[in-house]
Protein chains: 2
Amino acid sequence: MKIQQLSKEIGIGIDTLRIWERRYGFPIPGRDARGHRSYAQDQVEALQLVKNLMNFGLRPGKIFTLTEQQRRAQLQSLLDQGQPSDKRLQRLIDALAPQQIAQAITAMREELGLHRFIQEIAVPLLQLLDHRWTTGNISIAREHLLSDQLEKLLKTELFAPTNTDHPQLLFLTLSGERHKLGLLLAAAAFNSAGINCIWLNEELPLSEVPGLAHELGVAGVALSFSSHYLPRQAKQDLGSLRKQLDQKIKLIAGGHAVHQFTSLPNLLICTDLQLIPQLVRRHFNDPRVTPSN
Amino acid sequence: MKIQQLSKEIGIGIDTLRIWERRYGFPIPGRDARGHRSYAQDQVEALQLVKNLMNFGLRPGKIFTLTEQQRRAQLQSLLDQGQPSDKRLQRLIDALAPQQIAQAITAMREELGLHRFIQEIAVPLLQLLDHRWTTGNISIAREHLLSDQLEKLLKTELFAPTNTDHPQLLFLTLSGERHKLGLLLAAAAFNSAGINCIWLNEELPLSEVPGLAHELGVAGVALSFSSHYLPRQAKQDLGSLRKQLDQKIKLIAGGHAVHQFTSLPNLLICTDLQLIPQLVRRHFNDPRVTPSN
DNA sequence: TTTCATTTTTGTCCTAGACAAAATAGTATT
DNA sequence: AATACTATTTTGTCTAGGACAAAAATGAAA
C-alpha cells in the first residue's frame, strides 16, 4: 500500500506519516524498487489503532511510548468507559436481513415516538456501531446495512410533513465529511422541535455554502464534523464560514471534531442532541428573532 | 488562501500545484511572512479555468501555452459542442428552491410513468448535469440540490412496494465510487421490470461483497463504475469479484468505466438502461433460473 | 484554584531532485 | 490505409531533511 492510499484510508496526512517515521520510528514501511514507502497490512492495522487512540484525545508522544499490547489495552479501557449495551440494540445489530432490521426499527419508532426513539435507540445505536467499528467487531456490510435502514427511517420522518412555512435550517456536510448520520439525527430532532429543515445529502465545498444559504433564505446552517475531520480544519472552516455568512444567519456545528471548542462568536456548538429543544426555544422560537429581522 | 485549501477546493494535488509553478510558471502565488504560498482569489479562478479545460481532456502542456483569453475561448468552444438542452430540463436546472424542483420532478413522473420518466427525463438530466458539472457551468449547490431531489424520488419508487418475495438483486457501489445516481436509475428500471431490489447506500470494500451477497441470498449483484473510476481498476475488481462470488450469483456491471469492456465470462455488462427489460427477460424471468437452483 | 508566561510537542509547509506511468509521436508491418 | 510496436516526451507523485508557528503541556505567581 502506497503512502497516499494509506493516508486516505486512515485519515492522516502524508507529511504527518513521514514525520512520525522520522521522529518516533513508527510506522517504518518497506520500500519498493523505486525507494518509495510500501506499507504492509499489519502496519495499516497498527496505525489504525494509533488513530483510534488519537480520536480519544491521546497525543502521539504518549501513544508511541507504548507497546502495541499497551495500546490495545488502553483503547479497550477507554472503550469500556462507554455506556453498556442495550439488549434491544444487540438484537438489532445481530439481525442481518434488511427486512428484519427495518421492521425492528420501525416497530421501536412506533412504540417510543420520535423523540424517545432518537434518544433511546438511535443515539446509543450510533455509539454502539462506532464502538464495534473501532474494535473491528462488526462486519462492514452489517454496519452499512444497519445505518442504511436508520437513514431511511430518519429521512422519511424528516421529509414526511411537507412543511408549510419557508425553510429555516439548512443541514449539510462540507466536502470531505462523509459521516452524515449524526447530523441526520440532529435534523430529525430539530424537525420534531418544530423547525423546518432542508437536508442536503451531498457534501458541499465551503465556498458554495453562503450563496446557497442566502438563495434559500434560511435562518441558519447546521454542519457536523466527525472525528475524522481535523479539529483544526473544522475550526478554520467554521471561522471562514462565519465571516462569509450574513450575520443574521445562524451557524450551528456539532460532532466530535468540535467537541472541545470554546464557542466562537456567533456560532452555536451543539454536541448533545438532548439540548436541541432547549436550543430551539432560546434561538428560534422567540418571535422577535425570526429570520425576517 | 493556503496551498492545502486550494488543493482541496480545486481538486489538484499539492505536489502538482508546486510542480506546475516550477515547470510552467503558473500559478505564481504570493508569499506570507513565513515564505509559504498564498493564493489570491483571481489565481483560484484562473486555476479553475485550467481545471475545467483539463476535464475536457486537454493536457497541461497545451493549456499553459495559451493566454487566459485563449483559454476562455477554448472552453467556450468546447462548451458549444455540447448537446442541445431540452427546455423542460432547462427549467428544472434553473429552479433553485427544493420545493419547486421536487414538484416539477414528481409532476413529470406522474405524467410520463416511471419508464418514460427514466428514459426521457432522468437519463438526459444526468447527462446534462454531468456536462454542466465538468464545465463548471452550474453551481455545485444547484447540482446537488437537483440530484438530491432525483435521488429522493427514485428511492421512494424503489422502496415503495414492500416486496413480498425474497430479494433478487443487490445494488451497491465499491469503495471509491461516489456516483450512485446512475446505478439508482438502473435499480429503478429493474424494479419496474419486476425484480426485487436491495439498495445499499454506502460504498463497500470489495472483500465484503461476496459474504453479504451470500448471506442475503440474492440472485445477483449489480455495480456501477463511473468515469472517475479507472477502467483498469474496474476490470480488476470485477475479475476478482467474479472469482470470489458463487457461480450461481449473477454479476452485472454498468457505467462509463466499463463501456468498452469485452464482456468477461459470466458477467453482464449493461451500459444502456433501455436494455434492462430485455436483460431481465433473458436472465431472470425464466422460472428454471430462479435463485434457488 | 485560576492566570499568565515559558517550554515542548506536533503538523504543515519549504526546496529541489528522481523516476515511472500515461500520452504522444514515430516507425514498421499486415 | 489501418494496426501494432517502439521511442520519446509529458506529467504526477514520491523522496529527503530542514524550518517554523500553532497547540498543548508545564511551571510560576497571584
Side-chain angles (χ1 to χ4, degrees), chain A residues 1-8 10-39 47 50-51 53-66 176 228-240 257-262 264, chain B residues 1-8 10-39 47 50-51 53-66 227-228 230-233 235-236 257:
Chain A
M1 179 176 271
K2 289 198 154 196
I3 195 168
Q4 204 176 39
Q5 293 178 270
L6 180 69
S7 168
K8 210 182 104 184
I10 309 281
I12 293 174
I14 289 180
D15 281 310
T16 306
L17 287 169
R18 279 200 279 253
I19 209 147
W20 280 4
E21 185 181 336
R22 234 197 281 169
R23 289 197 183 132
Y24 313 115
F26 184 87
I28 297 193
R31 299 292 178 135
D32 67 9
R34 278 179 271 170
H36 289 189
R37 291 169 177 79
S38 173
Y39 297 85
L47 209 58
V50 171
K51 182 68 198 298
L53 285 170
M54 287 187 69
N55 285 343
F56 274 104
L58 296 198
R59 304 181 66 192
K62 299 269 180 185
I63 299 172
F64 287 117
T65 60
L66 304 174
H228 300 277
Y229 214 92
L230 298 175
R232 199 180 302 175
Q233 187 70 52
K235 198 164 198 171
Q236 200 175 319
D237 289 347
L238 283 170
S240 166
V258 302
H259 211 281
Q260 51 198 355
F261 277 15
T262 140
L264 298 167
Chain B
M1 179 178 273
K2 289 199 155 197
I3 195 167
Q4 203 177 42
Q5 292 179 270
L6 180 67
S7 168
K8 208 181 107 186
I10 310 280
I12 292 175
I14 290 180
D15 282 310
T16 305
L17 288 169
R18 280 199 280 251
I19 209 147
W20 280 4
E21 184 180 336
R22 235 196 280 170
R23 288 196 183 133
Y24 312 113
F26 184 87
I28 298 192
R31 300 290 179 138
D32 65 10
R34 276 180 273 170
H36 288 190
R37 290 170 178 79
S38 174
Y39 296 85
L47 210 57
V50 170
K51 182 71 196 300
L53 285 170
M54 288 188 68
N55 284 342
F56 272 105
L58 296 198
R59 303 180 64 190
K62 299 269 182 186
I63 298 172
F64 286 118
T65 60
L66 305 174
S227 55
H228 300 280
L230 298 175
R232 251 184 326 152
Q233 187 70 50
K235 200 164 199 171
Q236 196 178 318

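Chain A is the first sequence line, chain B the second, and so forth, proteins listed ahead of strands; every chain is numbered from 1.
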Problem - Bending between helix ends of the helix from C:dT1-D:dA30 to C:dT30-D:dA1 [5 pairs per end, 10° resolution] - result: 30°

Fill in the blank from the handout: To the nearest 0.5 Å, atom NE2 of A:His36 lies from atom CG of A:Asp32 at 6.5 Å

Exercise for the section: Please report the shortest heavy-atom distance between B:Pro29 and B:Arg37, naming the atom on each side. Expected result: CG-CG, 3.4 Å

Handout entry: salt bridge (charged side-chain N to carboxylate O under 4.0 Å, His left out) against B:Arg31, all qualifying residues, sequence neighbours excluded
Key = B:Glu21

Handout entry: Test side-chain contact (heavy atoms from CB on, under 4.5 Å) applied to A:Tyr24 - qualifying residues, sequence neighbours left out
Key = A:Trp20, A:Pro60, A:Phe64

Practice task
Report the distance from atom CD of B:Gln4 to atom C1' of C:dC13, rounded to the nearest whole Å.
Solution key: 9 Å

Exercise for the section: Check each residue of residues 10-19 of chain A for a non-hydrogen atom within less than 4.0 Å of any atom in DNA chain C, then write out the ones that pass by number, or none. Expected result: A:Asp15, A:Thr16, A:Ile19

Completion exercise
CZ (B:Phe26) and CD1 (B:Ile63) are apart, to the nearest 0.5 Å, by 10.5 Å

Fill in the blank from the handout: When rounded to whole Å, the CG to P distance for the pair B:Leu58 and C:dT24 reads 10 Å

Completion exercise
Numerically ordered, the residues 25-36 of chain A set in heavy-atom contact under 4.0 Å with DNA chain D is A:Arg31, A:Gly35, A:His36

Exercise for the section: Would you kindly check whether a donor in the side chain of B:Arg59 faces an acceptor in the base of D:dG12, or vice versa, at under 3.5 angstrom? Expected result: no

Practice task
Please round to the nearest 0.5 Å and tell me the distance separating atom CD of B:Gln5 and atom CG of A:Asp237.
Solution key: 7.5 Å

Handout entry: Which residue lies more 5' along DNA chain C, comparing A:Arg22 with B:Gly57 via nearest heavy atoms
Key = A:Arg22

Completion exercise
By nearest-nucleotide position on DNA chain D, the 5'-leaning member of A:Ser38 and B:Met54 is B:Met54

Handout entry: Side chain of B:Pro60 - closest among C:dT10, C:dC14, D:dT11
Key = D:dT11

Practice task
Take the protein atom CZ of A:Arg37 and the nucleotide atom C1' of D:dG17, then report the distance between them rounded to whole Å.
Solution key: 11 Å

Completion exercise
Rounded to the nearest 0.5 angstrom, the NZ-NZ distance for A:Lys8 and A:Lys2 is 14.0 Å

Completion exercise
Of the listed D:dA16, D:dT11, D:dA19, the closest approach to the A:Arg23 side chain comes from D:dA19

Handout entry: Distance below 4.0 Å between A:Trp20 side-chain N/O and C:dT10 OP1 or OP2
Key = no

Handout entry: Heavy-atom side-chain contact between A:Ile14 and A:Gln4 under 4.5 Å
Key = yes

Practice task
To the nearest Å, give me how far apart CD1 (B:Ile3) and P (D:dC20) are.
Solution key: 19 Å

Handout entry: Spacing of A:Lys8 atom NZ relative to D:dC14 atom P, expressed in whole Å
Key = 12 Å

Exercise for the section: Check the pair B:Leu17, B:Ile10 against side-chain contact (heavy atoms from CB on, under 4.5 Å), reporting the backbone distance first and the verdict last. Expected result: CA-CA 10 Å; B:Leu17 288 169; B:Ile10 310 280; over 6 Å; no

Handout entry: Whole angstrom value for the distance that separates P of C:dG11 from CD of A:Glu21
Key = 15 Å

Fill in the blank from the handout: Residues at least two apart in sequence or cross-chain that pass salt bridge (charged side-chain N to carboxylate O under 4.0 Å, His left out) with A:Arg18, listed by chain then number, are A:Asp15

Handout entry: Presence of A:Tyr24 side-chain N/O under 4.0 Å of C:dT10 phosphate oxygens OP1/OP2
Key = yes

